[in-house]
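Because the structure is a prediction, the values reported are computed rather than measured. Below, each value reflects all heavy atoms present in this structure, side chains not excepted, and no hydrogens, waters or symmetry copies.
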2 protein chains.
Amino acid sequence: MAKQRTAQNGLPAGVAAAWGLRERPGRGPARGLDVARIVRAAIAVADAEGLGAVSMSRVATEVGVSTMALYRYVEGKNDLLILMEDEAAGTPPPGPGPGAGWRAGLEHWARAHRDVLTRHLWMVRIPISTPPLSPHSVEWMELALGCLRGTGLDAEEKLGVLITLNGYVRSSVSLTADIAEAARGEGGADWEELEPRYWRLLTQLTAAGDFPAIKEMFASGEVDTAFEEEGEGSADFEFGLALVLDGTQALIERRA
Amino acid sequence: MAKQRTAQNGLPAGVAAAWGLRERPGRGPARGLDVARIVRAAIAVADAEGLGAVSMSRVATEVGVSTMALYRYVEGKNDLLILMEDEAAGTPPPGPGPGAGWRAGLEHWARAHRDVLTRHLWMVRIPISTPPLSPHSVEWMELALGCLRGTGLDAEEKLGVLITLNGYVRSSVSLTADIAEAARGEGGADWEELEPRYWRLLTQLTAAGDFPAIKEMFASGEVDTAFEEEGEGSADFEFGLALVLDGTQALIERRA
DNA sequence: GCGCTACTGCGTATGCCGTATACGTTACAG
DNA sequence: CTGTAACGTATACGGCATACGCAGTAGCGC
């Protein structure tokens, strides 16, 4: 834990590796592996079976070496996770260009971000260890920041919007991931099948107590559609996205 | 894993326990413990040393029994986590009342929620397993839902606002928790001390590449204050909160 | 009052995990 | 040619959650 940082810059080791700053190959026998193959194998495992299935021994087996061989390429599991995250994030898609306006740009950014996280659900389970520093996260940051040029917001406000939007995307994906996972654990059913049961349970549990607002909601009749988890449509995601961007718009108009 | 649900209702076992639906005490010797003591001990450990320190054996030691004794009171670690979460959430503070308007109500709710999470940082690390079902989360839901009465939003919209706001609070606390933890791991310094280093690193790393928006931000000069982690002031939290609530306001006005 | 039996708390054991360390092997630097 | 740094590996350690079996206890039906 004490050797977390590279001698060079004080960077976390995995981040330094991701920027391509690595020590000499040196004198010994030729390396049989490279970091990229390890990272790709780990991502494949995580995609297929979740972050819980990513153990050093599992990844090593997948790559075809012994467990400890990985430690010649990666400082430890934490490093591996950071590298996985950066690799999976990838370069963000270009975006609609500045002519389309900040809102279209951020919508595009948020949807692209959501797509990546949805494709790699384990990403939302890795705790954020630092502000964006790895190469691809900086690219994503650049893209989003670029959308806000010319809006009249100052640097701090732009960052605030970014953080909020980023947090929204993450928590939105995280929620559907958690629910889907819980549903899978509960007999393989998907959420659409489980939702009515949820509302029935909540009705039962709140029946005896003092929950006027919840009961009023039930009385209104149409609660069956919330907490959706549609593959592509994602009405819920768009709803919250609009909420955050409406708030941003209000801020921008106030500044203008 | 297959015995997750109680026979009664199909509830997750921990949730059933939290609502007080438990099987008969029965015939044997008197129980030496109760669930509440276990849960409280676990919370104390998590508060003091983080969720990582909460192991069954650790909690058992703290309570003064053997590890396996806990399994007579709790189905497994997952159960314990659910119970911890509900206990730590507690009953929400009453709120300013309906006369103060929905916005003041939701602000109060979000700040109270944030306070709880900040007091128990480990809570944001427990994956959400279901929509609100445990007793206290239902109370929190009731409180927030009550704020939105008379706004003209339909049930689905209310839930959407709630989910978004809840996600915002969680991700905001999660971010500061992650950063604080990473900072603590990096030599015990706090974030305020580390932030200049972060910006310096980012400047170096982006110097060579094509990052116009980031460079423009640096050029503007005042980036030193973002990503704050103030104990009480929490300017960042209020910023994002205002963003989300401004969005909600826009929605409500559109419906009116 | 008595024994049956459900229930208690606990010791042991299993199979994971991350990773420290030591070892024989390889192939470049001198 | 030789010394040695870097290679891949085997073994070992401490920690984890938890399945299982055990001896003792206390309430119930008789």
### Touch class at under 4.0 angstrom, heavy-atom based, for B:Val59 against every strand present
nothing

### Message
If you assign each of B:Val65 and A:Ser55 to its closest nucleotide in DNA chain C, which residue comes earlier from the 5' end?
### Response
B:Val65

### Message
Distance check needed: C:dG9 P versus B:Leu33 CG, whole Å only.
### Response
7 Å

### Query
What heavy-atom pair brings B:Gly32 and B:Arg37 nearest, and what distance separates the two atoms?
O-NH1, 4.2 Å

### Task
Nearest whole angstrom, please: distance from the P of C:dT8 to the CG of B:Leu70.
13 Å

### Message
Nearest to the side chain of B:Ser66, heavy atoms from C-beta on, is which of D:dG8, C:dC10, C:dA20?
### Response
C:dC10

### Task
Determine whether the aromatic ring centres of B:His136 and B:Trp140 lie less than 6.0 Å apart.
no

### Gap between atoms OH and P, on B:Tyr71 and C:dG9 respectively (whole Å)
15 Å

### Closest nucleotide among C:dT8, C:dA22, C:dG11 to the B:Met68 side chain
C:dG11

### side-chain hydrogen bond (donor to acceptor under 3.5 Å, both in side chains) evaluation trace for B:Ser134 with B:Ser137
CA-CA 5 Å; B:Ser134 75; B:Ser137 22; 2.5 Å; yes

### Message
Please classify the nucleic acid contact of A:Thr67 as base, sugar-phosphate, or nothing, using heavy-atom distances under 4.0 Å.
### Response
base

#### Entry: Separation of atom CD in B:Glu49 from atom P in D:dC16, rounded to whole Å
11 Å

### Query
Where the side chain of B:Tyr73 is defined as all heavy atoms beyond and including C-beta, which of D:dT9, C:dG9, C:dG18 is the nearest nucleotide?
C:dG9

### Task
Tell me which nucleotide among D:dC22, C:dA27, D:dG8 gets nearest to the side chain of A:Pro29.
C:dA27

### Task
Check the distance between C:dT25's P and A:Arg31's CZ and give it to me in whole angstrom.
21 Å

### Task
Would you kindly give the CG-to-P distance between B:Leu51 and D:dA17, to the nearest whole Å?
11 Å

### Message
Heavy atoms from C-beta onward define the side chain here; which of D:dG8, C:dG18, D:dC16 lies closest to that of A:Arg72?
### Response
D:dG8

### Message
I want to check a possible cation-pi pair here: B:Arg114 against B:Tyr168, using under 6.0 Å from ring centre and within 45° of the ring axis as the test.
### Response
no

### A:Gly14 backbone acceptor or donor facing A:Asp79 side chain under 3.5 Å
yes

